[in-house]
Number of protein chains: 2
Amino acid sequence: MIKPKQKSVSGRQASSAQVADDEASPAAAGTEVDLGYLNGLLGYALRRAQLAVFQDFIQNMKDFDLRPAQFSVLAIIAANPGLKQSRVSEALGINRANFVALLDELEKRKLARRAASPGDRRSNALYLTPKGESFLAEAYRHLQIHHERRLDELLGSADKQFLLSLLRKLSTLS
Amino acid sequence: MIKPKQKSVSGRQASSAQVADDEASPAAAGTEVDLGYLNGLLGYALRRAQLAVFQDFIQNMKDFDLRPAQFSVLAIIAANPGLKQSRVSEALGINRANFVALLDELEKRKLARRAASPGDRRSNALYLTPKGESFLAEAYRHLQIHHERRLDELLGSADKQFLLSLLRKLSTLS
DNA sequence: GCAAATTGTTATCAGTTATAATAATCAGAA
DNA sequence: TTCTGATTATTATAACTGATAACAATTTGC
């Protein structure tokens with residue numbers, strides 16, 4: 001079902017590795033820039049891909065004025081209504097001090113709200129407002145149609161699923 | 001040769017999607033946090049994976065005091081000696097204004113140097129110093145042994161190659 | 001020869017991320 | 001129960017990244 005197409009990926013190692021500097025002939029202007037050691041580095045490929053995908057995400061969420069971090073907060077709260085603030089920030093890997101302003105903004109826009117946590121007066125239980133629920137649902141629908149579908153077309157949806165599984169493995173590092 | 005293992009990736013859509021808020025029962029404390037909509041989003045998986053891989057990179061480069069951006073600059077110069085400053089920054093997607101301080105640092109550490117560009121007195125031709133050459137080679141060797149090999153073991157080296165090819169496709173997004 | 005573009009640089013600003021400190025509250029041990 | 005230590009949300013702050021604008025020197029094209 002999933003056909004890994006390795007066609008244009010070959011010849012990677014051969015391209016650089018030997019760092020011979022002939023200072024007499026500076027790299028030609030019309031030539032393509034050789035990525036050298038970067039060609040094999042997963043971190044580099046990840047960074048470039050993440051930047052490109054986030055750019056597309058941000059572009060698509062322009063009408064919603066929603067950046068990736070904000071979307072992720074709404075999504076977590078929607079899936080776990082009543083979760084306390086520290087657990088939401090922890091789940092997203094966001095420092096809880098920095099999470100305050102992020103949530104302030106969402107609360108100011110009436111998309112989320114802090115509620116008293118029953119049994120612990122220190123913590124806030126977080127909920128989406130009704131407006132937040134429909135807003136998130138619409139944003140998600142828009143993303144599916146415009147953002148994710150575009151990625152499906154670029155990668156093939158089977159390969160995209162496989163990509164997701166590989167990325168999840170990487171997230172478990174240390 | 002490449003066997004896409006889709007085992008634990010199934011049931012993604014089913015997990016959330018229905019955002020039913022039962023405000024009466026706040027999300028339990030001992031329960032795992034449900035990622036909800038984030039489960040299907042490629043951008044989220046990419047971000048978490050990139051963060052994890054960069055953390056491992058930085059950890060492994062601690063003795064070299066070399067961060068990803070610095071490594072990438074050295075790698076580009078090594079593979080394209082004499083390339084002018086603006087082309088290096090452009091190749092890495094780094095704003096040329098921000099590139100100045102980055103290169104200043106590498107020059108202060110005697111790893112790279114700005115040289116006069118023959119035929120254009122505006123631009124700098126960039127080279128690694130001999131120290132820079134050996135430093136980069138050692139850093140790369142260390143990365144291969146400790147960083148990339150670990151990723152190979154985590155993903156399987158065939159799947160890692162396939163992952164690289166998918167990430168490169170994503171980087172082409174507008 | 002002159003207007004427009006390029007190159008490196010500085011200054012600046014918004015956004016992100018990490019740390020420390022603090023007040024309120026909770027939990028557990030003496 | 002009281003007291004000590006941990007947790008929670010918050011503020012303030014600093015470091016770092018990324019983008020923009022302005023500028024001088026230089027090159028390019030008409």
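Numbered from 1 within each chain, the chains take letters A, B, ... in sequence-line order.
Note: CG (Leu102(A)) to C1' (dT11(D)) measures 16 Å, nearest angstrom. If you take CG of Asn98(A) and P of dT10(D), they are 13 Å apart, rounded to a whole angstrom. The CG atom of Asp104(A) sits 7 Å away from the P atom of dT11(D) (whole-angstrom rounding). In this structure, Phe54(B) places its CZ atom 14 Å from C1' of dC16(D), rounding to the nearest Å. With rounding to whole Å, Leu92(A) atom CG is found 11 Å from dT17(C) atom P. Here the P atom of nucleotide dT7(D) and the CD atom of Glu90(A) are 12 Å apart, to the nearest Å. Rounded to an integer number of Å, the gap from CG of Asn95(A) to C1' of dG15(C) is 15 Å. To the nearest angstrom, C1' of dT7(D) lies 14 Å from CZ of Arg87(A).
At the heavy-atom level, Ala97(B) lies under 4.0 Å from base atoms of the strands shown. Residue Arg96(A) is in base contact, counting any heavy-atom pair closer than 4.0 Å across all strands shown.
A distance-only check finds a donor-acceptor pair linking the side chain of Asn80(A) to the backbone of Asp34(B) [under 3.5 Å]. Between the side chain of Gln70(B) and the main chain of Arg67(B), a donor-acceptor pair closer than 3.5 Å is present.
Checking the phosphate oxygens (OP1, OP2) of dA15(D), no side-chain nitrogen or oxygen of Arg67(B) falls inside 4.0 Å. Close to dT9(C), at under 4.0 Å from its OP1 or OP2, lies a side-chain N or O of Gln85(B). A sub-4.0 Å separation between OP1 or OP2 of dT27(D) and a side-chain N or O of Arg121(B) is present. In this structure, Ser86(B) reaches the dG8(C) phosphate: one of its side-chain N or O atoms is under 4.0 Å from OP1 or OP2. OP1 or OP2 of dT16(C) has not a single side-chain nitrogen or oxygen of Arg47(B) nearer than 4.0 Å.
Between Leu173(A) and Leu154(B) the shortest heavy-atom distance is CG-CD2, 4.1 Å. The two residues Arg114(B) and Val100(B) have their closest heavy-atom pair at NH2-O, 3.6 Å.
Closest-nucleotide positions on DNA chain C for Ile94(A) and Asn124(B) were compared, and the one nearer the 5' end corresponds to Asn124(B). Map Leu51(A) and Ser123(A) each onto its nearest nucleotide of DNA chain D; the residue landing nearer the 5' end is Ser123(A). Comparing Gln55(A) and Asp120(A) against DNA chain D, the residue whose closest nucleotide sits nearer the 5' end is Asp120(A).
In this structure, of dT6(C), dT17(C), dT9(C), it is dT6(C) that holds the atom nearest to the side chain of Lys84(B).
The base of dG8(C) is not paired with the side chain of Arg122(B) by any donor and acceptor separated by under 3.5 Å.
With a 6.0 Å radius and a threshold of 12 heavy atoms from other residues, nucleotides or ligands, Glu105(B) has its CD atom above the threshold.
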